[in-house]
Protein chains: 2
Amino acid sequence: MVSDALEQDEPAAVGAPGRRRRNSLNREVIVRTAMEAFRGHDLGTLTFQALGRHLSAHPTAIYRHFRDKDDLLLAMLDALHGEALEEMGPRREDWAEELRNLAASTYAVFRRYPAIAHHMATRTTRREHEFALVDRMIWALRRSGLPDLEVGRHFRAFADLVIGYAALDASLDALQPQERAGDLNAWDVDYRRFPEERHPDLAAVGPHLAGVGDPRNFGLAVDLHIEAVRARAAAGPAS
Amino acid sequence: MVSDALEQDEPAAVGAPGRRRRNSLNREVIVRTAMEAFRGHDLGTLTFQALGRHLSAHPTAIYRHFRDKDDLLLAMLDALHGEALEEMGPRREDWAEELRNLAASTYAVFRRYPAIAHHMATRTTRREHEFALVDRMIWALRRSGLPDLEVGRHFRAFADLVIGYAALDASLDALQPQERAGDLNAWDVDYRRFPEERHPDLAAVGPHLAGVGDPRNFGLAVDLHIEAVRARAAAGPAS
DNA sequence: ACCTGAACACCGTTCAAGT
DNA sequence: ACCTGAACACCGTTCAAGT
């Protein structure tokens with residue numbers, strides 16, 4: 001049993017001492033290990049030294065397979081896109097449902113890998129997974145009834161809204177625990193019972209403030225966007 | 001003239017050699033110098049060593065006035081909020097115009113200080129400038145006609161949409177020039193003339209794709225959000 | 001009390017040396 | 001060809017030393 005486990009696939013070797021077998025390192029193994037190792041972790045932990053430890057290899061061995069850290073992070077972003085596509089499943093026939101599907105999957109993978117989300121959200125990989133995601137979003141927007149000229153603008157607005165909002169919530173997860181706790185406490189406590197005299201509107205609404213980082217907030221923003229797209233598409237080319 | 005310039009206010013002393021006068025360093029001077037020095041600059045440049053050079057002081061002298069880098073960055077975020085409030089001017093009487101005003105000012109200051117935007121967008125300062133911004137946004141949302149319970153949810157959705165989208169565009173400005181150029185080129189060239197066979201919808205809309213980082217994309221997202229808020233508010237408490 | 005200088009642990013990256 | 005080890009420049013941060 002034990003020797004069996006050692007034979008199959010790549011040994012996880014997380015934190016294990018000893019050296020890596022020759023030729024057992026390649027881009028795919030490194031990316032897969034990195035995704036597993038840094039899932040849910042903040043920014044400071046994603047270093048070559050830590051990754052080397054997870055690979056049971058010397059930190060600089062990674063440079064044989066990736067030009068630099070940016071090259072590795074782009075490969076990880078591509079893996080993230082792949083995960084999003086997988087979770088998305090087949091194309092929904094209703095365009096609005098498909099847009100919600102795209103948004104929800106992107107949001108989920110961003111929060112799963114906050115370190116990648118925070119410093120790669122703005123990047124472009126130019127790889128197949130990204131092309132597929134862009135194509136699906138454009139398909140959905142065309143189905144709404146908007147003319148292609150408008151779809152060209154709406155793609156950017158919807159994609160950036162989703163990516164930007166998801167990255168913002170993810171970067172909250174990427175905070176150091178004490179900073180995260182302090183910021184959350186501010187919204188959960190301080191802002192909820194605000195003294196009336198200084199800012200009357202804030203004081204009135206304070207008790208009803210939605211929790212920061214609650215996925216339903218993102219859902220509301222996406223729903224509002226889709227409602228407005230539907231209204232504009234229905235209004236026809238005059239809009 | 002020359003001696004006159006040396007007398008008035010704080011000497012800029014950017015990159016100048018020599019030492020700082022005793023007691024000439026304090027939180028306000030440091031924050032003001034940091035905001036001027038790193039305006040428009042990327043993430044890598046915002047270091048204690050660089051700031052020390054701009055202050056003509058030893059890098060570690062800053063630790064007498066700020067607990068750590070996070071403490072300094074929170075003070076800079078507060079200064080950014082102050083700038084946004086200033087540019088916003090007086091409250092607009094039309095609630096939709098006021099929301100656009102809030103969004104545009106936030107977007108402008110985020111792109112002006114991309115380094116602060118990128119790693120402080122998700123943070124909470126708990127200071128007066130932030131309270132004032134929150135209060136103004138809640139005021140505008142209440143004026144839309146939404147009940148306070150809904151305003152509590154809509155505040156979070158609108159604020160995060162604005163902050164997230166603005167931070168995303170700002171983080172593009174915070175990229176290294178070569179990475180930035182590569183990513184922009186992908187959208188301006190590759191995506192615009194995509195081969196038809198693989199992704200037909202992308203290929204059809206490619207030529208009409210809006211430029212990445214164009215402020216009008218953010219404007220479209222904000223407009224759509226406001227249109228949907230207006231529709232929901234008009235539909236009444238049933239929605 | 002306020003600033004400087006030396007030191008520490010850590011980071012990404014380069015390059016010569018091993019096998 | 002692939003991995004290791006030593007080295008470099010740089011980072012945030014601490015702390016003793018100067019004035």
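Naming: A, B, ... by sequence-line order, numbering from 1 per chain. What you see is a predicted model; the values in this text were computed from it and never measured. These values consider heavy atoms only, across backbone and side chains, with no hydrogens, waters or symmetry-generated copies.
- Nucleotide C:dA1: paired with D:dT19 (Watson-Crick or G-U wobble, both distances less than 3.5 Å).
- Summarising the geometry, the separation between CD on A:Gln176 and C1' on D:dG12 is reported as 12 Å, rounded to the nearest angstrom.
- Considering only side-chain atoms of B:Gln49, the nucleotide from C:dT14, D:dT4, D:dG12 that sits closest is D:dG12.
- One can place NE2 of B:His119 at 10 Å from P of D:dG12, the figure rounded to the nearest angstrom.
- Atom-to-atom, CZ of A:Arg53 to C1' of C:dC11 comes out at 13 Å; the value is rounded to the nearest Å.
- Using a 4.0 Å cut-off between charged nitrogen and carboxylate oxygen, B:Arg136 and A:Asp201 do not count as a salt-bridge pair.
- Separation of the A:Tyr107 and A:Tyr165 ring centroids does not fall under the 6.0 Å cut-off.
- Spacing between atom NE2 of B:His58 and atom P of C:dT4 amounts to 7 Å, rounded to whole angstrom units.
- Under 4.0 Å is where a charged nitrogen must lie from a carboxylate oxygen, and between B:Asp135 and A:Arg198 no such pair does.
- One cannot find a donor-acceptor pair under 3.5 Å joining the base of D:dG12 and the side-chain atoms of B:Thr60.
- The pair A:Asp214-B:Arg156 does not count as a salt bridge, with every side-chain nitrogen at least 4.0 angstrom from each carboxylate oxygen.
- Here the side chains of B:His41 and B:Leu46 are not in contact, with every heavy-atom distance at 4.5 Å or above.
- Comparing C:dC3, D:dT13, C:dT13 against the side chain of A:Lys69 picks out C:dT13 as the nearest.
- In this entry C:dA6 has D:dT14 as its Watson-Crick or G-U wobble partner, both defining distances falling under 3.5 Å.
- Rounded to whole Å, the distance from CG on A:Leu43 to P on D:dC11 is 19 Å.
- Each of D:dC11, C:dG12, D:dC3 was ranked by its minimum atom distance to the side chain of B:Thr47; first place goes to D:dC11.
- When the C1' atom of D:dC2 is taken as reference, atom CG of A:Asn26 falls 12 Å away, rounded to whole Å.
- For A:Leu55 and D:dC2, the CG to P distance is 16 Å, given to the nearest whole Å.
- Between A:Ala50 and A:Arg67, the residue anchored closer to the 5' end of DNA chain C is A:Ala50, taking for each the nucleotide with the nearest heavy atom.
- The CZ atom of B:Phe48 sits 20 Å away from the P atom of C:dA6 (whole-angstrom rounding).
- Here the nucleotide nearest the side chain of A:Asp68, chosen from C:dT13, D:dT4, C:dT4, is C:dT13.
- The nucleotide whose nearest atom lies closest to any side-chain atom of B:Asn23 is, among C:dT4, C:dC2, C:dT13, C:dC2.
- OP1 or OP2 of C:dC3 lies within a sub-4.0 Å distance of a side-chain N or O belonging to B:His65.
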